[in-house]
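Atoms within a ligand are numbered from 1 in the order they appear, just like the ligands themselves.
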Amino acid sequence: MTSQPAVTDAVPTFDDDPFGREILTDPYEFHRALRDLAPVVLLPRYGVYAMGRFDDVHASLQNWQTFVSGRGAGLSDFAKEEPWRPPSLLLEADPPDHTVVRKAMGDVVSPRTVRALRAGFQIRAERLADQLVEQGTFDAVSDLAEKYPLEVFPDAVGLPPTGRENLLPYGALAFNAFGPHNDLLDAALAEAAPVQEWVLASCQRDALTPGGFGAQIWEAADRGDITKEQAPLLVRSLLTAGVDTTVYGIGNSMYALASNPDQWDTLHRDPELAKFAFDEALRWESPVQTFFRTTSREVTVSGTRIPEGSKVLLFLGSANRDPRRWGADADRFDIRRSAAGHVAFGMGIHQCVGQPVARLETEMVLKALAVRVRTVELAGEPKARLNNTLKGWASIPLRVTPA
Ligand code: OVM
């Protein structure tokens, strides 16, 4: 009989490319193999460690002292490579610097400020839902998942009316840039210069309408909570992380519900389940699939030693389908399950600060449709939209019948 050593430097390797088209399109078999191979594996193609089990991903996200963000949340190590843009003060920072700006951003995007948006968000969701039900067939991506956030979010930030078409390309660029420099990143970079210029200009005080999130960030600078140099970078965080994520979240929710008609039925009978449907959709098909951390010291994870200065790829989307955490039916989309505790918004000090806005948007959209739509079905083949970090859809043709 052989016994396993308590701690090992021997790490199994995985040759598959998680940023290749095949796995980005359908990552779930790869996730299973990753989880079953070992708690920690090495991806020799990129020279990084990887984790796919819930407990290890969760613990690493919580352990910000050892799994740091200041060297970048992507593949690129900021200690060795020049970042593609000035680093985010939130996502790509550690305490104590992170703590101050996170507090200021949390004050701007608070349950109180977001509650004030509720009535306006609801009216616009209901108007759009009326129109879609009237149409009968529509694309859940272009006619809903992209349309609604772009109707409500830029106004909530207080962005100028022109140039808003730059928001989706900018998000696509930022999320592709967390991955390797592959053809997806090249394509995103190709037309990026004017997009980046617009974003930069839109973060300045004079571009932002009074009352919006953007202006409130500048008011935090007036109070001295943050500096005037930090304010535009915090506005940039809203523009980077606040649009594509919610577009994918709404698209993935609609895909999950449309491909599981019994679940739509459940939601239609009780539209108050919309919140739970969203969390379950986030668990089942997480918009943000991966983030990297960098080890600040040697660390042992479930018996495997990881050296200091290693990039570690955390598979949030895999953790959210780990049967060790979610049970044998982890792959089943079930809006009555308790999906709370998923890591689709991250976990710990970096957990999504925009969460109240994302939740409000999706709740309004799903509720408005749930009461109006009796049945929903796919009216054509959905088309995947590939991104190095985000998993979602370019097109989801739907047919609905009215209630
Ligand atoms: C940021 C940022 C960018 C991308 C993602 C993100 C999901 C944050 O600029 O702060 O969190």
**N or O pair under 3.5 Å between S88 and ligand 1** = yes
**Asked** Which residue and non-hydrogen atom of the protein lie closest to atom 8 (C) of ligand 1, and at what distance in Å?
**Response** A241 CB, 3.5 Å
**Item:** Salt bridge K147-D139, side-chain N to carboxylate O under 4.0 Å
**Value:** no
**Request:** Kindly compute the distance separating CD (E361) from OH (Y148), expressed to the nearest 0.5 Å.
**Result:** 6.0 Å
**Asked** Any Lys/Arg nitrogen of D329 or R337 sitting under 4.0 Å from an Asp/Glu carboxylate oxygen of the other?
**Response** yes
**Asked** How far is atom 5 (C) of ligand 1 from its nearest protein heavy atom, and which residue and atom name does that atom have?
**Response** F175 CZ, 3.5 Å
**Item:** atom 3 (C) of ligand 1: nearest protein contact (heavy atom, Å)
**Value:** T240 CG2, 3.3 Å
**Message:** Give the atom numbers and elements of ligand 1 that come within less than 4.0 Å of a heavy atom of F178.
**Reply:** 4 (C)
**Asked** Among the heavy atoms of M105, does any lie under 4.0 Å from an atom of ligand 1?
**Response** no
**Prompt:** Salt bridge check: are R321 and E285 linked by an N-O gap of less than 4.0 Å?
**Reply:** no
**Asked** Do the two ring centres, one from F178 and one from F291, sit under 6.0 Å apart?
**Response** yes
**Complete:** Closest heavy-atom approach to atom 11 (O) of ligand 1 among L91, L238, L90 is made by L91
**Item:** Proximity of S237 to ligand 1 by residue part, where a heavy atom lies under 4.0 Å
**Value:** both
**atom 7 (C) of ligand 1 - nearest protein heavy atom and its distance** = F291 CZ, 3.8 Å
**Asked** Do S88 and R236 come within less than 4.5 Å of each other through their side chains, counting heavy atoms only?
**Response** yes
**Request:** Please report which non-hydrogen protein atom sits nearest to atom 9 (O) of ligand 1, along with the residue it belongs to and the distance in Å to one decimal place.
**Result:** R85 NH2, 3.0 Å
**Prompt:** Using a heavy-atom cut-off of under 4.0 Å, does the side chain or the backbone of Q351 touch ligand 1, or both, or neither?
**Reply:** neither
**Message:** Does only the side chain of F345 get under 4.0 Å from ligand 1, or the backbone, or both, or neither? Count heavy atoms.
**Reply:** neither
**Request:** Could you pull out all residues at least two apart from P287 that satisfy side-chain contact (heavy atoms from CB on, under 4.5 Å)?
**Result:** Y248, N252, L282
**Prompt:** Does E377 come within less than 4.0 Å of R399, counting only side-chain N to carboxylate O?
**Reply:** yes
